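Just so you know, ligand 1 is whichever comes first in the structure, and atom 1 is the first atom listed for that ligand. Computed from a predicted structure; not experimentally measured.
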Amino acid sequence: MCTPALTEAKQSSCGGTCGADCKRIALKAAAKQGTLLPAAPAAAETSRAAPIPTRSTPTLDEVTTFGAEGRRVMPHPTQARGPFTRARALSGVFLLALYLALPWIHIEGAPAVFLDVAQRRFHVFGVTFLSQDLWLAFFLISGLGFGLFAVTALWGRIWCGWACPLTVFLDVVRRVEGWLEGDGPARRLLAAAPPSLEKTLRRLAKQAVFGVLATVVAHGFLAYFVSLPKLFGMLRESPAAHPGAFLPVLGTTALLWFAFAWFREQFCIVLCPYGRLQSVLTDEHSLVIGYDSQRGEPRGGGRAADGPRGDCVDCAKCVQVCPTGIDIRQGLQLECIGCAACVDACDSVMHKLKRPAGLIRYDSLAGLNGGLNGGPRVFWRPRLALYAALMFAGITAASFALSTVRSAVVSVTRLPGAPYFVQGESVRNQFLLRIFNKLPSPGLFRIELDGPRPEGMELQGATGEQVPGWGEAKVTLVATAPIAQLHRQTTVQLLVKDEAGAVLARKPLTLIGPDQP
Ligand code: SF4
Ligand code: SF4
């Protein structure tokens, strides 16, 4: 039976079938949320005839969001309220603003993150990389990847629950759904209601808002690849004028809309590779969200025939708020994205019952079980030391590699055609020198020879070269030397320096001539 404090929670889990109070509260709650129930006598009649549909009870043997025939079952979670939900909402707003703002914030004359694929230039927080620099990404991605391993070993799915863009977007999507269709029980009721004009209008309004959200996010995503002036130019023109950008954005919008409208948490459960890795990255000392079964069981509230019950009153609020539709009381599960909604839900129940919070809490499995093998939670474990060592190795290698990145990329190639030309007593070799200025401002680059060289050798074209910001200069170098000095092949060193005299590149110039008798 429902206790007075838990009547509202109970009606969520039992569908209002256990007592008149639940039905009254269901009507009141739906009226507050502006759903169908109290709007007209006919709707109220419908609610009396059909109890609020509930989810099937989650078990460890099935994925709750799939039906018996493998059909999609939308979980319709109830909106949790509490400190973690508020903190996640705040961090979500900050992260959303950050994701959308990064292409607008300029560092060193370039957007903070701008992956200019067309020009093969990649601007990342003030550093410009060219396609030749992409080898650096190996160390950077390795370092960050092992960093994520270390974070997971320490704090479990903190990324999934708090920072993953999909989680952040889905939080917005569920709030929009809540405003348009009401909270979880009202949405389940609406989903089970027969077709009607109001239901159709609500559904259409919701899908329209999802479409707008998907379009905004897709264009925000496009801004990472196309400069903002170009993006605004595209928005003013017909899509036919730039199909190369329009089609990917259309595809991204469609995918996002599909994710917002239907796929949602299925991505975390069946597609995300990081989610699959969790089980091997965490151990009993990693921080997870878990249920304190020693304190909560036997669940049910009141007194059992064989003694007092645990603190869990079996109100199922933790299940109702779960966006992936699991029951965390059954233990740590792959579907748990660490959103902490169940922590807030259970803490609010404990607060009403005047019991200590934390029946469901952030803790390690060791802590939840009172210390595995009798021991407390261990911070430093071999796996954490290994991940941290690999992370530092990757970051150190990436930092060293980054320090080798210069403000210009220089290449020298022999001009096509004959490898050398004989003119009387001298031999001529021709090269193409390309200097790409990786800075946003124009720069003067000095070109000079260094070290030993054949006697009488001259190099035409080796002077200073003004190169525009993020621009390229092509210089034809003509090296002439007496034929007697070129013993088949001679290599000299070419230096390219910046205005301050710092050497940006040292390139070998191989001079060749005819075989000497
Ligand atoms: S069980 Fe996991 S996914 Fe479900 S509400 Fe709790 S923290 Fe979120
Ligand atoms: S764990 Fe908390 S929220 Fe979940 S059923 Fe028990 S008392 Fe209710």
Going by the salt bridge (charged side-chain N to carboxylate O under 4.0 Å, His left out) test, which pairs reach into residues 150-168, not counting sequence neighbours? none

Would you call the rings of F260 and F210 parallel, tilted or perpendicular, taking 30° and 60° as the class edges? perpendicular

Among all protein heavy atoms, pick the one closest to atom 8 (Fe) of ligand 1 and tell me residue, atom and distance. C339 SG, 2.3 Å

I'd like to know: is atom 8 (Fe) of ligand 1 within the 2.8 Å range of an N/O/S atom from C336, strictly under that distance? no

What's the separation between atom [atom1] in [X] and atom [atom2] in [Y], rounded to the nearest 0.5 Å?
| X | Y | atom1 | atom2 | value |
| --- | --- | --- | --- | --- |
| I395 | F139 | CD1 | CZ | 13.5 Å |
| C160 | E265 | SG | CD | 13.5 Å |
| L140 | S399 | CG | OG | 8.5 Å |

Do any protein N, O or S atoms sit under 2.8 Å from atom 4 (Fe) of ligand 2, and which ones are they? C318 SG

Which atoms of ligand 1 have any heavy atom of [X] under 4.0 Å away?
| X | answer |
| --- | --- |
| I337 | 2 (Fe), 3 (S) |
| A340 | 7 (S), 8 (Fe) |
| T324 | 3 (S) |
| I326 | 1 (S) |
| C322 | 1 (S), 3 (S), 4 (Fe), 5 (S) |

Please determine if R264 and E177 form a salt bridge, counting it only when a charged side-chain N lies under 4.0 Å from a carboxylate O. yes

Is E297 paired with R329 through a side-chain N to carboxylate O contact shorter than 4.0 Å? no

Would you kindly say whether E284 and S364 are connected by a side-chain donor-acceptor distance under 3.5 Å? no

Classify the contact between V343 and ligand 1 as side chain, backbone, both or neither, using a heavy-atom distance cut-off of under 4.0 Å. neither

Using side chain to side chain contact (heavy atoms under 4.5 Å, CB included) as the criterion, list what pairs up with V151, not counting sequence neighbours. W155, I158

Below 4.0 angstrom from a heavy atom of M350, which ligand 2 atoms are there? Numbered from 1 as shown, please. 7 (S)

Around atom NZ of K230, are there more than 12 heavy atoms of other residues, nucleotides or ligands at under 6.0 Å? no

Sequence neighbours excluded, the answer for ring pair (Phe, Tyr, Trp, His ring centres under 6.0 Å) partners of F94 is none

Is I289 near ligand 1, meaning one of its heavy atoms is under 4.0 Å from it? yes

